[in-house]
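All remarks here apply to the structure that follows.
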Amino acid sequence: MLPTYLWRKIYTLLVPFIVAGMVFYAITGENFTKYWFLRTLFIFILMTLPYEVFRQRLLSGWGVLAVVSDIVYYLSVVYIVNVLSWKYRGDMVDAIIDSEHLLHYKFFIFGLLCKRYPTLQKYASSNLCYTLSLVVLIFAMYLLHHTHPVVSHLSFMITIAPFAGILCAYYLFSMRFTEGSIVRGFRYIGRHSLEIYILHFYFIFSVPLVGQFVICSMSQDAFHQAMGSTTQLVYGIAGALVVCTLAVVAMKVIRTSNLLSVLLLGRLNKS
């Protein structure tokens with residue numbers, strides 16, 4: 001039922017955006033819009049819902065017509081969102097429509113269509129698609145580290161390269177890495193990604209010496225740049241493990257309270 005679906009999204013996304021955001025502001029003094037992902041995802045759902053209701057009621061069973069309708073409608077919406085996002089970026093209305101983060105709408109729709117159409121999902125998980133995406137990522141890294149950012153690279157870096165990254169990650173974790181303790185750990189994090197996202201800001205830390213070494217290495221020759229990149233990768237993985245572990249512990253403590261679980265994490269505890 002539509003009201004039930006909307007209510008579930010309100011307490012899952014909108015309630016923690018407001019409550020957890022206010023708590024974060026009270027503790028740190030930082031703007032509570034740091035939790036932009038919750039607000040943006042809720043906006044995406046509201047943007048998609050009217051068409052999906054229309055499609056379910058009037059286009060169900062129409063086959064090709066429904067497919068054409070999906071393509072035309074969502075391509076049009078993505079184009080309009082991109083135009084408006086650039087036009088109003090930095091404007092006062094940006095605080096409401098979240099123009100910068102609405103640029104991610106295309107990725108949201110891509111996931112929706114992959115889930116809807118098994119054929120698209122099949123191509124997205126093929127080895128050929130993975131190989132092409134990997135080549136694109138390597139080229140993107142080359143542009144990032146060996147050229148000056150120019151307008152001609154902008155659309156590539158903010159659109160094509162992220163799609164390539166998504167396809168690579170999807171292939172690796174759906175077709176290659178499917179068993180083992182590390183995979184089980186990733187699946188656990190995936191099931192609780194919303195809670196970890198909300199709580200991880202409290203546990204972020206930095207090691208200045210590592211940062212200084214990486215910055216210094218990246219300004220030298222190729223050998224030292226490789227050392228800096230490797231150090232950054234290892235440091236990032238180790239730091240992420242520490243932050244995620246602490247966030248999971250905090251999540252378990254908060255979820256012992258039914259009320260706090262809903263207000264701060266958007267999760268209803270099972271009776």
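Any value given below was found using the heavy atoms of this structure, including those in side chains, with hydrogens, waters and symmetry copies removed.
Considering every non-hydrogen atom in both C114 and A124, the closest pair reads SG-CB, 4.4 Å. Of all the heavy atoms in Y197 and W36, the pair that sits closest is OH-N, 3.5 Å. Residues V262 and P16 come closest through the heavy atom pair O-CD, 4.4 Å.
Aromatic rings from F163 and F110 are positioned such that their centres are separated by under 6.0 Å. In this structure, F17 has its ring center no closer than 6.0 Å to that of Y35.
The aromatic rings of F44 and F108 are tilted relative to each other, their planes meeting at an angle between 30° and 60°.
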Problem set entry | V248 vs H192, side-chain contact (heavy atoms from CB on, under 4.5 Å): CA-CA, chis, key distance, verdict | CA-CA 8 Å; V248 168; H192 299 285; 5.8 Å; no
For this session: Begin with the C-alpha distance, continue with both residues' side-chain angles, and end with the deciding distance and a verdict on side-chain contact (heavy atoms from CB on, under 4.5 Å) for H200 and I204.
Result: CA-CA 7 Å; H200 86 280; I204 293 176; 3.8 Å; yes
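With 3.5 Å as the limit, one finds no donor-acceptor pair spanning the side chains of N82 and Y105.
Around CD1 of I27, the count of heavy atoms belonging to other residues, nucleotides or ligands within 6.0 Å exceeds 12. Enclosure of atom CD in E52 by more than 12 non-hydrogen atoms of other residues, nucleotides or ligands within 6.0 angstrom is indicated. Crowding of Y117 atom OH: a count of heavy atoms from other residues, nucleotides or ligands under 6.0 Å exceeding 12. Applying the 6.0 Å contact sphere to OH of Y188 captures more than 12 heavy atoms from other residues, nucleotides or ligands.
Counting only distance, with no hydrogens or angles, the side chain of T245 and the backbone of L241 share a donor-acceptor pair below 3.5 Å.
By the 4.5 Å heavy-atom criterion applied to side chains, L194 and L38 are counted as neighbours.
In this structure, I160 CD1 and L137 CG are separated by 11.5 Å, a value rounded to the nearest 0.5 Å.
Under the 4.5 Å side-chain contact rule for hydrophobic residues, L113 and V64 do not share a cluster.
Listed by chain and number, the residues in a ring pair (Phe, Tyr, Trp, His ring centres under 6.0 Å) with F186 are F173 (sequence neighbours excluded).
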